[in-house]
2 protein chains.
Amino acid sequence: MNDVAGGLVRLSGLVQGLYTRVSQRHDLTPVQAKLLCVLLEGPRGMAELAGYFSVEKAALTGLMDRAEKRGLARRTPVPGDRRALTVTLTEEGHRAATAFYTDVHAELEALVGSLTPEGRKHFEQAMGEIIERCGGGC
Amino acid sequence: MNDVAGGLVRLSGLVQGLYTRVSQRHDLTPVQAKLLCVLLEGPRGMAELAGYFSVEKAALTGLMDRAEKRGLARRTPVPGDRRALTVTLTEEGHRAATAFYTDVHAELEALVGSLTPEGRKHFEQAMGEIIERCGGGC
DNA sequence: TATTGTTATACTCTATAACTATA
DNA sequence: TATAGTTATAGAGTATAACAATA
């Protein structure tokens with residue numbers, strides 16, 4: 001696979017590896033890191049998070065149990081619907097999320113650091129097109 | 001993250017998701033699919049595979065136990081070193097590997113199908129540069 | 001002593017199915 | 001009945017540490 005397909009797999013592996021290494025550096029699992037990053041944009045419901053992660057509700061229960069035990073996030077009741085829970089970051093979780101995000105962002109920037117401004121622009125545009133055309137699923 | 005970093009994460013997520021879906025279609029886990037693809041290029045030792053996967057030897061024992069139980073690969077002795085084992089694909093494993101590989105290749109090609117020939121060339125070149133500059137680790 | 005691979009143990013992540021409580 | 005979330009159970013993947021056999 002020495003073509004686009006191979007390139008995509010290798011590039012994706014590079015990004016995945018980078019993400020995992022940075023997670024470890026912050027004493028997080030990659031999934032926990034992803035959870036923190038999502039919650040950085042605001043509180044979310046359990047079902048909402050399950051949908052976002054393309055995972056069953058039950059998996060989120062476990063994920064949140066561990067995140068809560070580690071003091072990164074918490075579940076709070078939703079006024080008006082006594083079945084529902086909202087997930088928010090704790091202070092520690094917010095600090096961890098910000099630190100992780102900053103770090104991973106810098107490393108990803110460094111990853112494309114060898115591109116010329118021109119090449120970088122083309123690359124960004126191509127990624128944008130692929131992502132847009134594929135949306136969520138594809 | 002609406003920049004290169006965000007694009008890389010989303011693109012990598014797209015590729016990862018595609019890989020996982022195709023694996024499932026072939027009744028494989030993503031890790032098993034990766035193992036089959038590596039073995040398609042020839043037999044490998046256990047330690048060699050562990051290195052390739054950036055994983056401890058013990059993890060590979062478990063991985064191979066399951067692959068062997070499913071009839072996809074087998075361990076054979078190495079003449080000349082009675083400690084070592086070589087991992088090879090079974091016939092069924094070879095069939096599964098080829099079918100998976102073909103399928104994933106086609107899907108990845110389709111992923112970049114919206115790019116113009118020009119854009120595609122630029123994209124390929126940029127990926128090549130990034131990968132080359134980062135080699136294995138980076 | 002170093003290397004190859006395994007075993008034992010524990011943890012994370014995930015799926016499925018059955019369940020509770022509320023809407 | 002439908003939705004939100006949990007519990008129970010099982011399996012994959014991984015790490016660590018201790019081990020056996022061979023080099």
Side-chain angles (χ1 to χ4, degrees), chain A residues 13 16-17 19-21 23-39 43-88 96 100, chain B residues 13 16-17 19-21 23-38 43-88 96:
Chain A
Q16 223 51 46
Y19 199 93
T20 300
R21 280 198 309 281
S23 303
Q24 283 168 344
R25 206 149 67 207
H26 291 259
D27 196 28
L28 298 167
T29 67
V31 179
Q32 279 173 345
K34 193 177 167 193
L35 175 64
L36 295 190
C37 285
V38 172
L39 292 175
R44 295 283 184 273
M46 294 288 286
E48 198 179 352
L49 288 170
Y52 191 88
F53 281 74
S54 299
V55 132
E56 292 299 316
K57 293 177 303 176
L60 240 119
T61 298
L63 192 53
M64 271 307 298
D65 285 350
R66 292 185 290 274
E68 213 156 23
K69 196 162 63 181
R70 290 207 36 192
L72 298 169
R74 73 167 74 83
R75 287 175 263 216
T76 54
V78 171
D81 188 343
R82 291 195 303 186
R83 296 169 305 178
L85 294 172
T86 296
V87 178
T88 54
F100 170 79
Chain B
Q16 223 52 45
Y19 200 92
T20 300
R21 279 198 309 281
S23 303
Q24 283 169 344
R25 206 148 68 208
H26 291 259
D27 195 28
L28 298 167
T29 67
V31 179
Q32 277 172 347
K34 192 176 167 193
L35 175 64
L36 295 190
C37 285
V38 171
R44 295 282 183 274
M46 294 288 285
E48 198 180 352
L49 287 171
Y52 191 88
F53 281 72
S54 300
V55 131
E56 292 298 318
K57 293 177 301 175
L60 240 119
T61 298
L63 192 53
M64 271 307 299
D65 285 350
R66 292 185 290 273
E68 212 156 23
K69 195 162 63 181
R70 290 207 35 191
L72 298 168
R74 73 168 73 85
R75 288 175 260 216
T76 54
V78 171
D81 187 344
R82 291 196 302 185
R83 297 169 304 177
L85 294 172
T86 295
V87 178
T88 54

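Since we're looking at a predicted model, the values are computed, not measured.
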Taking side-chain hydrogen bond (donor to acceptor under 3.5 Å, both in side chains) as the definition, give me every residue that meets it alongside [X], ordered by chain and number, with sequence neighbours left out.
| X | answer |
| --- | --- |
| A/R25 | A/D103, A/E107 |
| B/Q16 | A/S12 |
| A/R44 | none |

Of residues 46-54 of chain B, the positions that come close to DNA chain C - non-hydrogen atoms, cut-off under 4.0 Å: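 Heavy-atom cutoff 4.0 Å gives B/M46, B/A47.
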Can you list, in residue-number order, the parts of residues 57-76 of chain B that come under 4.0 Å of DNA chain C, counting heavy atoms only?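 When residues 57-76 of chain B is checked for heavy atoms under 4.0 Å from DNA chain C, the hits, listed by number, are B/K57, B/A58, B/T61, B/R75.
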Name the residue from A/L63, A/L60, A/V55 that meets the side chain to side chain contact (heavy atoms under 4.5 Å, CB included) definition with A/L49.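 Testing A/L49 for a side chain to side chain contact (heavy atoms under 4.5 Å, CB included) against A/L63, A/L60, A/V55 leaves exactly one candidate, A/L60.
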Please state how far atom [atom1] in [X] lies from atom [atom2] in [N], giving the value in whole angstrom units.
| X | N | atom1 | atom2 | result |
| --- | --- | --- | --- | --- |
| B/L28 | D/dG11 | CG | P | 18 Å |
| A/D81 | C/dT22 | CG | C1' | 7 Å |
| A/E56 | D/dA8 | CD | C1' | 15 Å |
| A/Q32 | C/dC11 | CD | P | 14 Å |
| B/R82 | C/dT3 | CZ | C1' | 15 Å |

Is there a side-chain contact between A/M64 and A/L35 in this structure, where contact means two heavy atoms from C-beta onward sitting under 4.5 Å apart?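 With C-beta onward as the side chain, the pair touches.
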Any non-hydrogen side-chain atom of B/R70 less than 4.5 Å from a side-chain atom of B/D27?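 When only atoms from C-beta onward are counted, B/D27 and B/R70 do touch, with a gap below 4.5 Å.
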Under 3.5 Å, is there any donor-acceptor pair linking the side chain of B/R83 to the base of C/dT3?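 Side chain to base: pair found, below 3.5 Å.
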Nearest non-hydrogen partners of B/A33 and B/Y19, listed with the distance: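 The answer is C-OH, 3.8 Å.
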Return the set of residues passing salt bridge (Lys or Arg N to Asp or Glu O under 4.0 Å) with B/R75 (not counting sequence neighbours), or none when no residue passes.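 Listed in chain order: B/D65, B/E68.
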Residue met sooner reading DNA chain C from 5', once A/V31 and B/G45 are mapped to nucleotides: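 Nearest-nucleotide comparison on DNA chain C picks B/G45.
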